[in-house]
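Note on naming: letters A, B, ... go to the chains in the order of the sequence lines (proteins, then strands), and numbering restarts at 1 for each one.
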Number of protein chains: 2
Amino acid sequence: MYMKNPVELFKVLSNETRLDMLKWLKHPMEHFDQPAELLSKSLNERGGICVGDITEKAGLSQSTVSHYLTMMQKVGLVESERHGKWTYYRRNEERIQEVAAFIEKEL
Amino acid sequence: MYMKNPVELFKVLSNETRLDMLKWLKHPMEHFDQPAELLSKSLNERGGICVGDITEKAGLSQSTVSHYLTMMQKVGLVESERHGKWTYYRRNEERIQEVAAFIEKEL
DNA sequence: TTTACATATCGAGATTTATCGATTAGTATA
DNA sequence: TATACTAATCGATAAATCTCGATATGTAAA
């Protein structure tokens, strides 16, 4: 079981907005339903959502949201992919299951 | 799945000492092995450890450790039982498994 | 090659958490 | 009941986190 720094991970998880973001990214279609002509902007081929859309949904500043996403990426909860001007973020489901397994067996 | 306030829970988990305490309480015999004549002070019938012993092990002040244990109890990670002058704390294994299940299925 | 736009980073003030020593509250014993 | 001891609470300071606006960086289009 690999869990390098549980404290950092839990710090990232101890914020309402960041938890919301994980939830939104779990079901992007439900939370980011846009007109069809905008879908190509919002959703890349693997379901990632761009920072701008997440910012709008979160109701916080762009800098804060970008910072949050970077934190989440650093502990492996999400991964990102840049396409042109946009950076798309999506959940790292494997990592999330690792976290669950860590708590179940090692906490 | 019952998880009233995940943010509070994760806040409690985002501290090295509190994580250590959970680990110590998981295997009390390994971490609190005392001379036989002191066992009755250290261990109550269900494996709880008293605040004094945890304080000594943690290397923080008594007030801090008591505060930490109270936090952990409030989110259900541990439970306590008072016997005379001592309050014995032990893990709430059911709750910990609930947390794992929450992350696995709902995060 | 300017310009425009999306995201990332920086610096700072407000809020929250960590941690202590001192004190208070319970409990048992002399 | 006076004393001693364990744990909980209180008040305060230091450290960390939250969050913003401003600025910088990267990319595409004019």
In whole angstroms, how far is the [atom2] atom of [N] from the [atom1] atom of [X]?
{"X": "K74(A)", "N": "dT9(C)", "atom1": "NZ", "atom2": "P", "answer": "7 Å"}
{"X": "Y68(B)", "N": "dT9(D)", "atom1": "OH", "atom2": "P", "answer": "16 Å"}
{"X": "E56(B)", "N": "dT6(D)", "atom1": "CD", "atom2": "C1'", "answer": "14 Å"}
{"X": "M71(B)", "N": "dA7(D)", "atom1": "CE", "atom2": "P", "answer": "19 Å"}
{"X": "H67(B)", "N": "dA12(D)", "atom1": "NE2", "atom2": "P", "answer": "16 Å"}
{"X": "L60(A)", "N": "dC18(D)", "atom1": "CG", "atom2": "C1'", "answer": "9 Å"}
{"X": "I54(A)", "N": "dT7(C)", "atom1": "CD1", "atom2": "P", "answer": "9 Å"}
{"X": "M72(B)", "N": "dA8(D)", "atom1": "CE", "atom2": "C1'", "answer": "17 Å"}

| task | State whether a side-chain donor-acceptor pair under 3.5 Å links T55(B) with Q62(B). | result | no
| field | First of R18(A) and T70(B) reached from the 5' end of DNA chain D, by closest nucleotide | value | T70(B)
Which atom pairs, donor and acceptor, lie under 3.5 Å between side-chain atoms of residues 63-70 of chain A and protein residues at least two apart or in another chain?
unit_1	atom_1	unit_2	atom_2	d
S63(A)	OG	S61(A)	OG	3.2
T64(A)	OG1	S61(A)	OG	2.9
T70(A)	OG1	S66(A)	O	2.9

Quick one: pull up [atom1] in [X] and [atom2] in [Y] and give me the separation to the nearest 0.5 Å.
{"X": "K26(B)", "Y": "E93(B)", "atom1": "NZ", "atom2": "CD", "answer": "7.0 Å"}
{"X": "N5(B)", "Y": "M3(B)", "atom1": "CG", "atom2": "CE", "answer": "10.0 Å"}
{"X": "E106(B)", "Y": "I96(A)", "atom1": "CD", "atom2": "CD1", "answer": "13.0 Å"}
{"X": "L22(A)", "Y": "R91(A)", "atom1": "CG", "atom2": "CZ", "answer": "5.5 Å"}
{"X": "L77(A)", "Y": "R90(A)", "atom1": "CG", "atom2": "CZ", "answer": "14.5 Å"}

| field | Sugar-phosphate, base or nothing in reach of T87(A), heavy atoms under 4.0 Å | value | sugar-phosphate
Could you work out which one of [options] sits closest to the side chain of [X]?
{"X": "Y89(A)", "options": "dC20(C), dA8(C), dA8(D)", "value": "dA8(C)"}
{"X": "S66(A)", "options": "dT9(C), dC20(D), dA8(D)", "value": "dT9(C)"}
{"X": "T64(B)", "options": "dC20(C), dT9(D), dT7(C)", "value": "dC20(C)"}

| said: What I want to find out is whether E79(B) reaches R95(B) closely enough, with some N-O distance under 4.0 Å, to be called a salt bridge. | reply: no
| query | Could you run down nucleotides 22-30 of chain C 5' to 3' and tag each one B, S or - for protein heavy-atom contact under 4.0 Å? | reply | B----BS--
| said: Tell me which residues in residues 9-16 of chain B lie within less than 4.0 Å of DNA chain C, going by non-hydrogen atoms. | reply: K11(B), N15(B)
| Does K57(B) reach the main-chain N or O of H31(B) with its side chain, forming a donor-acceptor pair under 3.5 Å? | yes
